[in-house]
Structures are given as C-alpha cells and as structure tokens.
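No hydrogens, no waters, no symmetry mates; every other heavy atom, side chains included, goes into these values. Whatever order the structure lists them in is the order used to number ligands and atoms, beginning at 1.
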Amino acid sequence: MSDVMQIPFLDLIAPHRELEEELVKVFRECLRTASFVGGSQVQGFEEEFAQFCETKYCVAVNSGTDALRFALIAAGIGPGAEVITVPNTFIATTEAISQTGASIAFVDIDERTYNMDPNQLEDYLKFRNRQSAIRNGRPRAVLPVHLYGQPADMDSILEIANRYGLMVIEDACQAHGALYYSKIEDKWKKAGSMGLAAGFSFYPGKNLGACGEGGAVTTNDEKIVQKVMMLRDHGQAKKYYHDFEGYNGRLDAIQTGILRVKLKHLSDWNEKRRQKAYRYNEMFAQIDSLILPYEPSRTKGVYHLYIVRVQKREELQKYLSERGVATGLHYPIPLHLQKAYGGLGHIEGSFPVTEKVGKEILSLPMFPQITEDQQDEVVNRIKEFISART
Ligand SMILES: Cc1ncc(COP(=O)(O)O)c(C=O)c1O
C-alpha cells in the first residue's frame, strides 16, 4: 500500500506552511500588545473584507452560524416569521433560522446549479398566498445559499422577494469572492453584496479560513450593522449598558489578524481553484456517465467544492478510498429528511430534485494547491472505475 499516492480531500497544511512566518507574527503581535478581543486587527479586517465583498460594512463574528443568526435577528426575523431556504445545505443555515424563533420553509433546487430554483420559490409563495390560515408564520425572508461557491440566481430571487415583500439574506458561507452578473444593475456583483445582508463562514476549510472558528456579516445597511455589533456583544453598544440580551459572538484579534494575512491571497487562491475545476472538466469531458458542475454564464464560481454526479456513488467512493483518494458528500441526507426536522412533516418525495441529486453527488479533492499529478490520479481512478462497469 505504501506506493499508493494519498490524495487528501483538502490540504490545510500547505497554505499554512507558505504563510507560517506571517501568521506567527500575528500571534506574536497579539501577545506583545495583549490585544486579544476587539481592537485594530478586528477593525482592519472588517474594513478589508467589506472592501473585498464590495459592501459598505462587515461585522466579524464567531462563526458562519452566528453570522446568519445575527443577520436574521437584525433584519427583524423572529417568532411569527417564516424564512424560506433550500433543503440541500448544511444544517447551520436552518439552525440559524430556528434559533431566531422563526419557522423554516423549504423550496426545491434547480437540477443543474444545485441552488434555489426561483420557480419553486414563486410557486411556494403563490401557494402560501392562497392559504387563509397562517400555518407557521408569515413568510418574511428568503435565505438562498450560494452552494459549493456558485451564486444562486439572485436577480430572479430578488425580483420575486421584492414582489412579495420579503427580505433576502444570503448564505455566502461557501462563496467568498464568487461573482454574479446582475442584469438589473448591469454589473458583476460579489456574493454577499446582493441581499439585505449576508453571512460568511471562516471555518478552516473554507476558501478564506481562520485557524479556528470565525464568521462575518456583510451589508450596506447601517441599522443592520449597529444591531449585529450589539448582538455579538451581549446587546451592548456601551460597556455594561445592555439594551437587550445578546450573545458572546465576537471574533478575536488573533483570528482576524490571521484572516487579514490570508485575505491578500484569496483572489489568487480562488483563481487557482477555478483553473483546477476547469482542468477536471476537460479531463472528464468524454465521460457521459459523469455529470459535471454547471456554471451559468452569469456566474463565476469559486469552487469551494468540486462536485460530480454519478450512479453507484457509494461504490465509487469506496473504490477511490481504497486507492488513496479522499472524497466527501455535501450533503448525503437532505435537511427535510433529517431526524431534527421530523416535526416539519416532510416525507421522501417532498423535494424530489434535492433527493435525486443528494443520492448522486460526490465531492472530489479540490484546493488551490492540488497538483496536476494529484488531479491526474483522481481522474484516472474514476475512469478506471467507470470503464470496468460499462
Ligand atoms: C452553507 C453553510 N452555511 C452555514 C455554515 C456555518 O458556518 P460555521 O461552521 O462557520 O458556523 C456553513 C459552514 O460549514 C456552510 O457551509
């Protein structure tokens, strides 16, 4: 087995080796100034990340989950409200909704982009309008997820939301730097700059990852900023004057310092991910039984994950694992079929596109430093598996 090439799903060591000196400097500076919570590192990062996202403001918080929960609460979401999202996301998206006291509504996804299908959103809202009784609360917001680093169809979602008087909060936790061409504004827009507010995650494996937990809210709305800043700090704007109960949701100075070092490389890393994704696409082009990522001409994704769809997914995953190729499933069980959401009353068949796609997706090794040799190995193993079965 020792001569088998081991290919990680994600290499978190290589980028840190490259940046080690700079990162250690951040830690040393924090030790020497004893500036651990708040201060110039945090503010500096917030300014730089807002600039990167092309938003007026950024508020750094403890995690992507906090970011989404705080953004929703700041937008006025709470008990009596319903927030509409997709069932093929990480549970943090829906935890953030429930933890505000609001209820969750799901709509199905587009089979090609894996993002919220605007037609399903519209159908759901028409259906809700026809209902005389308010079942779980009134629809108040839409929470599209830019899954795998590909922006959702924001023009359509914003237009529908606008017509129905709903707010839009983006889950940009996987989409740092992803671009969407807005026909309404006639320009390319960054993920996290299109809705009323957005949540980002800086979990280590994200395109921009901390050396620990981290997240941020981006927005152009000053009221949202003020509220999120208080929410992350026990409901206070002035020390020991608490206007409401908040959270301990601050991001510390060491993590923001680390993120500032990495942010300088993010565009380059994103471009590398794109190039690797296109290289995979080219190498897989002749294989009919693989469905490759679809990138509409209006989006420029950042390939947080590179997903293929294939029949006999479990068998292929096992085959690859036995040959040193690590893969992932994002996500194997749709949220509406999770035990945690049994109370919502959904069954197998409730969201057929999500369910179908969920059985076929496989996430292949993807990170900026993946080498051509490593990619060749992944592709050859998959080709080998497929040709043995056709
Ligand atoms: C789509 C999505 N939403 C929300 C989150 C939550 O982010 P965090 O893990 O930083 O709380 C994640 C991160 O895993 C995510 O991928």
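- Protein heavy atom nearest atom 14 (O) of ligand 1, with residue, atom name and distance: K206 NZ, 2.8 Å.
- Contact atoms of ligand 1 toward A92: 4 (C), 5 (C), 6 (C) (distance under 4.0 Å to a heavy atom of the residue).
- Ranking the protein heavy atoms by distance from atom 9 (O) of ligand 1 puts S201 OG, 4.0 Å first.
- Of the charged side-chain nitrogens involved, at least one lies within less than 4.0 Å of a carboxylate oxygen, so that E159 and R163 count as a salt-bridged pair.
- By the criterion of a heavy-atom distance under 4.0 Å, both the backbone and the side chain of T65 are placed next to ligand 1.
- Cluster partners of I258 are L19, L23, V26, F27, L31, F36, V37, I254, V261, W269, counting Ile, Leu, Val, Met, Phe, Trp and Tyr whose side-chain heavy atoms approach within less than 4.5 Å, directly or via other members.
- Here R140 does not pair with E82 in a salt bridge; the nearest charged N to carboxylate O distance is not below 4.0 Å.
- For Q174, a nitrogen or oxygen atom sits less than 3.5 Å from a nitrogen or oxygen atom of ligand 1, counting backbone and side chain alike.
- Against a heavy-atom cut-off of under 4.0 Å, T89 is close to the following atoms of ligand 1: 1 (C).
- Salt-bridge check for R381 with E384: passed, with a basic side-chain N closer than 4.0 Å to an acidic carboxylate O.
- With a 4.0 Å cut-off on non-hydrogen atoms, C173 touches ligand 1 through its side chain and not its backbone.
- Closest to atom 8 (P) of ligand 1, if we only count protein heavy atoms, is G64 N, 3.4 Å.
- Applying the 4.0 Å criterion to heavy atoms of T93 picks out, from ligand 1, the atoms 3 (N).
- Classification of R232 and E46 as a salt-bridged pair holds, one side-chain N sitting under 4.0 Å from a carboxylate O.
- Salt bridge status for E213 with R250: absent, with no side-chain N to carboxylate O gap under 4.0 Å.
- Enclosure of atom CG in D288 is not indicated, since only 12 or fewer non-hydrogen atoms of other residues, nucleotides or ligands lie within 6.0 angstrom.
- Ligand 1 places these atoms under 4.0 Å from at least one heavy atom of D171: 1 (C), 2 (C), 3 (N), 4 (C).
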